[in-house]
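Note on naming: letters A, B, ... go to the chains in the order of the sequence lines (proteins, then strands), and numbering restarts at 1 for each one. Atom set for the values below is all heavy atoms of this structure, side chains included, hydrogens, waters and symmetry mates excluded.
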Amino acid sequence: MSDKKIKNVFKQGAISSEFIGESIAKHQTKTSIGAHNIFLGQVRADIMDGKTVSAIEYTAYEDMANAKFHDIREATFEKFELTCMHIYHSLGTVKAGEICLFVFVSSPRRKVVFKALEYIVEEIKAQVPVFGKEIFEDDTHQWKVNN
Amino acid sequence: MTITIKYFGLIAEVTKQNEETIDFSGQSATELLEYLFLKYPDLKNKDFQVAQNQELVANDAIITGQELALLPPFAGG
């Protein structure tokens, strides 16, 4: 692991389309880039036993999670030739249909960004201690589990 | 030794608190879990992993007194 400063990946609430758009715009000055790839995780209105998920309330073991995000970032830069990489994850309440995870990778050429993005998202799902309380329309809840 | 244990998600619902400090005389994570199962019987049938110093550890890991946490299944993304 390098001695680079550990970034805070978390944002309170949903990740807005304006924020995502601005992130893309910021890369227009980086003209060595020829390909971007973006993953957006969206809260799904799952139906279980006739009840519909209206939102997910995210919590995290924040220090460990940010350290894991950092490790994933370092491992990804070692494996893939990327120009840059950005990860944002929501904390707190995100309603069904809103974005809770934004991963953005860029490279001079296209092939690497497809592989890198999948790697990052799968690592996040498996390694990062984030917890999701699925809240139903009648205010009952259950705890989400990644599979 | 005095140790602080953090609880998250479903586990925090069972323990009804996000963290607590206890006086622990055992050595391994197994002994710590035995203590916690007596205190919170409902923990026994919950799925969780133990982290020490922000890394996942096996149940027979030696407790060093650093930060401990019980982590339910991850749900990021």
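The cluster map of Ile, Leu, Val, Met, Phe, Trp and Tyr, joined by side-chain heavy atoms under 4.5 Å apart, puts L68(B) and F37(B) in the same cluster. Cluster membership check: F10(A) does not share its hydrophobic cluster with M64(A), using side-chain heavy-atom separations under 4.5 Å among Ile, Leu, Val, Met, Phe, Trp and Tyr. At a threshold of 4.5 Å between side-chain heavy atoms, the hydrophobic network of Ile, Leu, Val, Met, Phe, Trp and Tyr places F8(B) and V57(B) in two separate groups. One hydrophobic cluster holds both I63(B) and F48(B) under the rule that ILVMFWY side chains link at heavy-atom gaps under 4.5 Å. Transitive grouping of hydrophobic side chains (ILVMFWY, heavy atoms separated by less than 4.5 Å) keeps I124(A) and I15(A) in distinct clusters.
Contact of A126(A) with chain B is made through the backbone alone, with heavy-atom distances under 4.5 Å. Contact of A51(B) with chain A is made through the side chain alone, with heavy-atom distances under 4.5 Å. Heavy atoms of V128(A) lying under 4.5 Å from chain B belong exclusively to its backbone. With a 4.5 Å cut-off on non-hydrogen atoms, K144(A) touches chain B through its backbone and its side chain both. Neither the backbone nor the side chain of Q49(B) comes within less than 4.5 Å of any heavy atom in chain A.
In terms of heavy-atom pairs under 4.5 Å with chain B, the best-connected choice from V130(A), L101(A), N146(A), N147(A) is N146(A).
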| query | Stepwise, does the side chain to side chain contact (heavy atoms under 4.5 Å, CB included) test hold for L56(B) with Q127(A)? | reply | CA-CA 10 Å; L56(B) 296 177; Q127(A) 308 286 345; over 6 Å; no
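Under a cut-off of 6.0 angstrom, the local environment of CD in E19(B) is crowded, with over 12 non-hydrogen atoms contributed by other residues, nucleotides or ligands. Heavy-atom contacts from other residues, nucleotides or ligands closer than 6.0 Å to NZ of K115(A) number 12 or fewer. Other residues, nucleotides and ligands place no more than 12 heavy atoms under 6.0 Å from the CD atom of E81(A). More than 12 non-hydrogen atoms from other residues, nucleotides or ligands lie less than 6.0 angstrom from CD of Q17(B).
At least one side-chain heavy atom of H141(A) sits less than 4.5 Å from a side-chain heavy atom of E13(B). Residues L10(B) and F131(A) have side chains not in contact (no heavy-atom distance under 4.5 Å, counting atoms from C-beta outward).
When all heavy atoms of G132(A) and A75(B) are compared, the closest pair comes out as N-CB, 3.6 Å. Across all their heavy atoms, F74(B) and K125(A) have their closest contact at CB-O, 4.0 Å. Contact record, K68(A) with E55(B): NZ-OE1, 3.1 Å, taken as the closest heavy-atom pair.
Rounding to the nearest 0.5 Å gives a distance of 14.0 Å between CH2 of W143(A) and CG of D47(B).
The interface of residues 24-62 of chain A with chain B, defined by heavy-atom distances below 4.5 Å, comprises Y58(A), A60(A), Y61(A).
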